[in-house]
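Worksheet: the structure to be examined is printed underneath.
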Amino acid sequence: MPELPEVETLVRGLRRSVVGRRVLEVRFGKTDFIDDAAAIERGVPGCRIAAIERVGKFFLLRLESAAAEANGRPPAALLVHLGMTGHLSPHRPEEPAPRHTHVVMPLDDGHELRYTDPRRFGRMALLSGAALQAEIARHGAEPLKIHENEFCTRLAARRARVKALLLDQRFLHGIGNIYADESLWHARIHPMRIAATLTRGQARALHRAIRKVLAAAIRAGGSSISDYRDADGRPGFFQIRHRAYDREGKPCHRCRARIRRILVAGRSSHFCPRCQRVPRSKQA
DNA sequence: CGTTGAACCTGTTTGC
DNA sequence: TGCAAACAGGTTCAAC
């Protein structure tokens, strides 16, 4: 569910509601998606949430603790990834917790921060210092920050299918299946095109399309396909502006040809067979 | 380097 | 109607 725009929307909501709050306690349901639940149980209670950042599809809850400072330990951060079905938001304790609520953190303002995730493809880890740096370093550039020239240069060096590359978090950090398909539609590029064979103009168009799509999606509060909600429980609205994703058989908004769905990099890929021409060579 | 398929897990939708 | 298969916003790993 959550790609960069959804995580960004959630981060903005959480900044208003939980930054500055102190975590009183951490309670767990299932913990098989957590790197080291015992470390979280030990290290998080008593900490103040000093800041919340988004890194790709990750949340970074920066923690401040008097104990760590006194011992000269580097500040820790709680890293959270929502996987396919994760959700993170504050609630009143009297509000019944839905099924699959696996982490509950009561805060000093009477609310509790809950992590809910039916499939448990998400991830949570308490990291600091070198381990935190390493985790961030293994991922690629932020798609809204990378410069056009660098984007084009890196694309030109790769023989992978462009869709596979957009989904590769070491190439760009934060794009998932929805925004890959939407960006390729806007740039009029077939998902199976080999990255290095794109013309400079096409590469620039893709860079521009990614920026445009992500920015518009953030303004719309993300895409709600079935269950995504922001920190205040409201759905996003970008799904009504999808041009390719989940539109198999529906008319292309540019040329009315029927949107097709094929498998690329093991993922459903939606594109317009007329606007996004098949690679000359073969395939698709 | 790159691709494919499976695995992780639960829920919902689709097809016969 | 009912059950099984297919599919889902993600990531990782083995095998080729």
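We use all heavy atoms of the structure for the numbers below, so side chains are in, but hydrogens, waters and symmetry mates are not.
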- Message: Going by salt bridge (charged side-chain N to carboxylate O under 4.0 Å, His left out), name the pairs with one or both residues in residues 143-154 of chain A, residues two or more places apart or in two chains.
- Response: A/E148-A/R204
- Message: Starting the side chain at C-beta, find the nucleotide from B/dC9, B/dG11, C/dT12 nearest to A/R99.
- Response: B/dG11
- Task: Would you indicate which nucleotide in B/dC9, C/dG9, B/dG11 comes nearest to any side-chain atom of A/D32?
- Result: B/dC9
- Just wondering, do A/F121 and B/dC9 stack (centres under 5.5 Å, planes under 30°)? no
- Task: Examine A/H147 together with A/F151 and report whether their ring centres are nearer than 6.0 Å.
- Result: no
- Examine C/dT12: is either OP1 or OP2 under 4.0 Å from a nitrogen or oxygen in the side chain of A/R138? Give yes or no. yes
- Taking for A/R119 and for A/H139 the nucleotide of DNA chain C with the nearest heavy atom, the one nearer the 5' end belongs to A/R119
- Message: Can you tell me if A/R159 touches the phosphate of B/dT3, counting only side-chain N or O atoms and a distance under 4.0 Å to OP1 or OP2?
- Response: no
- With the side chain of A/H81 defined as its heavy atoms from C-beta on, choose the nearest nucleotide among B/dG11, C/dG10, B/dT3. C/dG10
- Whole Å only: how far is the CZ atom of A/R120 from the C1' atom of C/dG9? 18 Å
- Task: Report yes or no: does A/S269 contribute a side-chain atom to a donor-acceptor pair with the main-chain N or O of A/R267 at less than 3.5 Å?
- Result: yes
- Message: Without decimals, in angstroms, what is the distance between A/N177 CG and C/dT11 P?
- Response: 11 Å
- Looking at A/R267, does any N or O in its side chain come under 4.0 Å of the phosphate oxygens OP1/OP2 on C/dG9? yes
- Can you tell me the distance, in whole Å, between the OH atom of A/Y179 and the C1' atom of C/dG10? 15 Å
- For the residue pair A/I175 and A/L166, what are the closest heavy atoms and their distance? CB-O, 3.6 Å
- A/D117 CG to B/dT10 P, in whole Å, measures 11 Å
- Query: When rounded to the nearest Å, what value does the distance between P atoms of B/dC8 and C/dC3 take?
  - Reply: 26 Å
- Message: Distance check, C1' atoms only: B/dC1 and C/dG10, in whole angstrom units.
- Response: 23 Å
- Any ion pair linking A/E41 and A/R27 (charged N to carboxylate O, less than 4.0 Å)? no
- Taking any strand in view, what nucleotide pairs with B/dC9 in a Watson-Crick or G-U wobble way, both distances under 3.5 Å? none
- Name the one of A/V162, A/V213, A/L214 that satisfies side-chain contact (heavy atoms from CB on, under 4.5 Å) with A/S183? A/V213
- Query: Taking the six-membered ring where the residue is Trp, are the ring centres of A/H81 and A/F59 under 6.0 Å apart?
  - Reply: no
- Presence of A/S268 side-chain N/O under 4.0 Å of C/dA8 phosphate oxygens OP1/OP2: yes
- Message: If I pick the P atom on B/dG11 and the same atom on C/dT12, what distance separates them, to the nearest angstrom?
- Response: 24 Å
- Message: Can you see if the side chain of A/Y245 gets near the phosphate of C/dG9 - specifically, an N or O under 4.0 Å from OP1 or OP2?
- Response: yes
- Message: Measure NZ/A/K57 against P/C/dT12 and give the value in whole Å, please.
- Response: 10 Å
- Message: Please report the distance separating the C1' of C/dG9 from the corresponding atom of B/dT3, rounded so that it comes out in whole Å.
- Response: 23 Å
- Message: What's A/G176 touching, base or sugar-phosphate or nothing? Going by heavy atoms closer than 4.0 Å.
- Response: sugar-phosphate
- Message: Say we look at C/dG2 and B/dC9: how far apart would their P atoms be, to the nearest angstrom?
- Response: 30 Å
- Query: Are A/Y245 and A/F271 an aromatic pair by the rule of ring centers under 6.0 Å?
  - Reply: no
- Under 4.0 Å from any atom of DNA chain B, heavy atoms only: list the residues of residues 162-169 of chain A that qualify, in numerical order. none
- Note on the structure: Against the side chain of A/H100, the closest entry in B/dT10, C/dG10, B/dT3 is B/dT10
- Note on the structure: Of A/R158 and A/L263, the one whose nearest nucleotide on DNA chain B sits closer to the 5' end is A/R158
- Task: Find the distance A/E3:CD to C/dG9:C1' and express it as a whole number of Å.
- Result: 6 Å
- Message: Is it true that A/S89 and A/H91 share a donor-acceptor pair across their side chains at a distance under 3.5 Å?
- Response: yes
- Query: A/M124 CE to C/dT11 C1': how many Å, rounded?
  - Reply: 17 Å
- Message: With a 4.0 Å cutoff (strictly under), does any side-chain N or O of A/K30 reach OP1 or OP2 of B/dT10?
- Response: yes
- Item | Rounded distance in Å - NE2 (A/H87) to P (C/dG10) | 17 Å
